[in-house]
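The shown structure was predicted, so the numbers you read here are calculated from the model rather than taken from an experiment. Residue numbering restarts at 1 for every chain, and letters A, B, ... go by the order of the sequence lines.
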Protein chains: 2
Amino acid sequence: MPKKSNAENGKRPTIRDVAARAGVSVPTVSRVLAGNYPVAPATRSKVLRAMRELDYVVNAHARALAGATTKTVAFVVDDVTGPFYAYIARGVEQQAASEGRLCLLCTTHGDPERELAVVELMREQHAEAVIVVGGSWDDGKYHERMRYFASALDRSGSRLVLCGRPSLGDDVPASVVHYDNEGGAYAMTSHLLSAGHRTIAYMGVGVGFSTTDERVRGFRRAHEDYGVAIDESLFIPGEFLKSSGYDLTRELVGGRDDVTAIFAATDMVAAGVLKALREAGISVPEDMSVVGFDDIPLASDLTPALTTVHVPHEELGREAVRLGLRREAEQVVLGTHIVVRETVAPPRRRA
Amino acid sequence: MPKKSNAENGKRPTIRDVAARAGVSVPTVSRVLAGNYPVAPATRSKVLRAMRELDYVVNAHARALAGATTKTVAFVVDDVTGPFYAYIARGVEQQAASEGRLCLLCTTHGDPERELAVVELMREQHAEAVIVVGGSWDDGKYHERMRYFASALDRSGSRLVLCGRPSLGDDVPASVVHYDNEGGAYAMTSHLLSAGHRTIAYMGVGVGFSTTDERVRGFRRAHEDYGVAIDESLFIPGEFLKSSGYDLTRELVGGRDDVTAIFAATDMVAAGVLKALREAGISVPEDMSVVGFDDIPLASDLTPALTTVHVPHEELGREAVRLGLRREAEQVVLGTHIVVRETVAPPRRRA
DNA sequence: CTGAAAGCGCTAACAC
DNA sequence: GTGTTAGCGCTTTCAG
């Protein structure tokens with residue numbers, strides 16, 4: 001039995017069917033497909049026509065297997081629904097698309113098991129770059145795991161890109177795209193300090209979390225530069241959630257009255273803070289100033305509109321793809337800046 | 001020269017390397033990999049060990065080429081950053097992951113060109129299911145295009161799933177997961193009507209857009225059932241954007257004062273409405289009632305908290321994956337319901 | 001239970 | 001310019 005043609009077979013047509021129909025050899029078809037090789041115009045159009053007539057589409061897997069690159073980048077996040085991540089995702093997707101790449105989306109929900117599984121999947125897929133987004137934990141096991149991921153991916157020909165988290169060290173085969181947490185926190189704290197605030201609560205300390213560490217560092221440095229001592233009880237531990245901001249604020253205003261400003265770890269936390277304050281009849285910014293961090297769209301929808309630190313989310317995503325595709329060990333840090341809206345005022349004079 | 005081993009070669013190890021190291025044949029390794037075939041326990045563990053020692057990972061492309069399925073579903077949206085889409089995306093990703101599938105993410109930004117390109121890409125990738133999310137336009141060209149996509153994907157062995165938009169007809173090889181726009185709008189309009197409102201503006205009519213058509217249908221039907229005639233000038237055209245709600249509301253309150261309630265086409269529009277009203281010194285709900293549609297997280301963060309229609313976003317995403325993978329021509333419609341918060345009150349008695 | 005043989009659809013040297 | 005010849009890494013008959 002002669003080699004059966006898929007086209008007649010009812011299955012999807014292959015390059016062989018196209019070649020047959022155009023009366024040329026298979027490699028010729030491959031050449032017009034790739035377009036990076038001289039082909040006679042006449043042949044070319046015959047092939048093109050055959051492809052159209054058969055409604056032919058290349059098989060990406062066969063192509064990947066035969067050597068041509070995969071054309072995919074992977075995007076790994078905790079959760080797509082956070083506005084923070086969503087905007088980075090948009091940047092990643094846009095840049096990927098503009099560089100002719102497809103984008104694989106994976107979520108881990110902070111589960112190390114799942115994270116590992118995801119990296120294995122990416123190795124199977126030969127993704128050109130694997131972009132991991134979000135802050136990182138400062139424990140040894142975590143670092144070890146990421147270093148393993150970096151080299152495992154490297155061995156499989158993929159590049160790991162850390163986005164929004166600090167580098168793992170120069171010897172680790174990974175690129176990093178970070179943003180200036182410390183600088184943003186410094187600027188914002190200075191803004192509060194220069195308005196006259198002297199007792200600022202930092203709400204939402206995530207212990208051992210890189211994002212917190214960096215932001216707190218800026219917060220402390222600003223205080224130092226203004227010669228203001230910080231009562232350590234002003235660092236209030238908590239998660240980066242609205243509910244967390246809400247609960248902690250209720251506790252805070254119930255317990256002490258010396259705080260004149262709240263630096264929320266993130267805009268989501270700030271949303272909770274604002275809600276609790278409103279319920280407690282404490283007006284913002286007259287009785288209490290509040291600031292956030294991230295500048296997610298919600299920030300400008302809050303009442304009053306939130307003064308916060310802008311993070312260039314989309315650009316972060318774009319840059320991550322660029323770096324990952326160039327496979328350079330570069331490390332870029334994007335700037336942040338404060339956005340003044342309506343939640344900061346000088347502290348009210350105490351009676 | 002004998003067949004060179006990749007393992008020694010510095011390249012990623014292949015199944016052949018594993019076979020050699022375990023002292024078995026290649027098919028045997030394949031069998032323990034697939035796990036769907038009897039293999040002697042001893043052999044099995046030898047193979048497993050070899051895989052571990054070599055840090056072996058299967059090549060998804062080779063596997064896909066050799067016949068095994070692709071294990072990927074594609075997710076096509078206008079834009080990932082909308083909370084509406086983000087939550088559907090989460091549902092899709094979760095369900096895909098739980099069914100052992102990878103998720104490809106593509107955005108089209110409403111560009112038909114790009115949409116076509118995306119579908120071609122999906123055909124190349126042999127995605128098992130291609131999930132297209134969001135409302136659709138009611139023009140002939142659009143329909144024709146989607147029908148083409150459906151059959152093109154079908155021919156390539158993929159299943160098209162329409163999520164959040166109406167069916168294309170029973171003869172089109174596609175599944176659809178929709179939600180009850182008309183019912184939700186009907187319930188919400190009734191809520192307003194029963195509170196005593198008689199002049200309700202529907203803000204954000206997207207002409208020829210399926211979502212609008214369905215919601216407006218419910219809006220009209222409720223009026224009919226209450227025996228209330230609708231002044232057609234109450235249908236205000238506009239996009240589903242915050243800025244649109246803002247601008248239109250300014251115009252509205254500047255132009256007429258008979259309207260006592262605003263039915264915003266979406267929560268985003270409602271956010272703009274609320275902002276404009278606040279600026280105009282019109283208090284909600286005392287002077288004006290406002291309702292939205294979608295129940296995105298923002299709705300409960302607004303001040304006052306928005307009364308709106310809940311759409312089961314995540315479940316929509318999950319169901320889409322389920323249907324796509326089962327490849328049945330099913331059509332499911334998920335229910336919606338109103339969520340009463342703080343933006344509706346009886347109309348103020350006119351002087 | 002395991003191995004040998006034959007492709008999956010495509011690209012990549014080489015010749016002509 | 002175009003065809004020939006080899007695989008890419010894996011799964012599948014089909015023998016044994």
Below 3.5 Å, can you tabulate the donor-acceptor pairs from side chains in residues 18-37 of chain A to any protein atom, sequence neighbours excluded?
residue : atom : partner : partner atom : Å
A:Arg21 : NH1  : A:Glu53 : OE1          : 2.1
A:Ser25 : OG   : A:Thr28 : OG1          : 3.1

| Residues in side-chain hydrogen bond (donor to acceptor under 3.5 Å, both in side chains) with A:Thr108, at least two apart? | A:Asp78
Is the distance from OP1 or OP2 of [N] to the nearest side-chain N or O of [X] less than 4.0 Å?
X: B:Arg16; N: D:dC8; result: yes
X: A:Thr14; N: C:dG9; result: no
X: A:Thr28; N: D:dG3; result: yes

| request: Give one of base, sugar-phosphate or nothing for B:Val29, where a contact means two heavy atoms less than 4.0 Å apart. | output: nothing
| said: Using a strict threshold of under 4.0 Å (side-chain N to carboxylate O), is an ion pair present between A:Glu93 and B:Arg114? | reply: yes
| query | Is the count of non-hydrogen atoms from other residues, nucleotides or ligands lying under 6.0 Å from B:Arg322 atom CZ greater than 12? | reply | yes
| What residues, two or more places apart in sequence or in another chain, satisfy salt bridge (Lys or Arg N to Asp or Glu O under 4.0 Å) together with A:Glu128? | A:Arg101
| said: My understanding is that only residues two or more places apart in sequence, or in another chain, count here; which of them pass salt bridge (Lys or Arg N to Asp or Glu O under 4.0 Å) with B:Asp171? | reply: B:Arg147
| field | Any residue of residues 35-51 of chain B with a heavy atom less than 4.0 Å from an atom of DNA chain C | value | B:Tyr37, B:Pro38, B:Val39, B:Ala40, B:Thr43
Find the distance [X]:[atom1] to [N]:[atom2] and express it as a whole number of Å.
X: A:Ile15; N: D:dG3; atom1: CD1; atom2: C1'; answer: 13 Å
X: A:Lys71; N: C:dC10; atom1: NZ; atom2: P; answer: 17 Å
X: A:Leu33; N: C:dA12; atom1: CG; atom2: C1'; answer: 14 Å
X: A:His61; N: D:dT11; atom1: NE2; atom2: C1'; answer: 15 Å
X: B:Leu65; N: D:dC10; atom1: CG; atom2: P; answer: 11 Å
X: A:Arg123; N: D:dC10; atom1: CZ; atom2: P; answer: 13 Å

| Mind checking what makes side-chain contact (heavy atoms from CB on, under 4.5 Å) contact with B:Val332, not counting sequence neighbours? | B:Val177, B:Glu319, B:Leu323, B:Leu334
| All side-chain contact (heavy atoms from CB on, under 4.5 Å) counterparts of B:Leu153, not counting sequence neighbours | B:Val119, B:Met122, B:Arg123, B:Val130, B:Ser158, B:Leu160
| query | For the helix from C:dC1-D:dG16 to C:dC16-D:dG1, what is the angle between the axes at its two ends, each from 5 pairs, rounded to 10°? | reply | 30°
| request: Establish whether the base of D:dG9 is bridged to the side chain of B:Arg12 by a donor-acceptor pair shorter than 3.5 Å. | output: no
| note | Residues passing the ring pair (Phe, Tyr, Trp, His ring centres under 6.0 Å) test with A:Phe84, sequence neighbours excluded, are A:His313
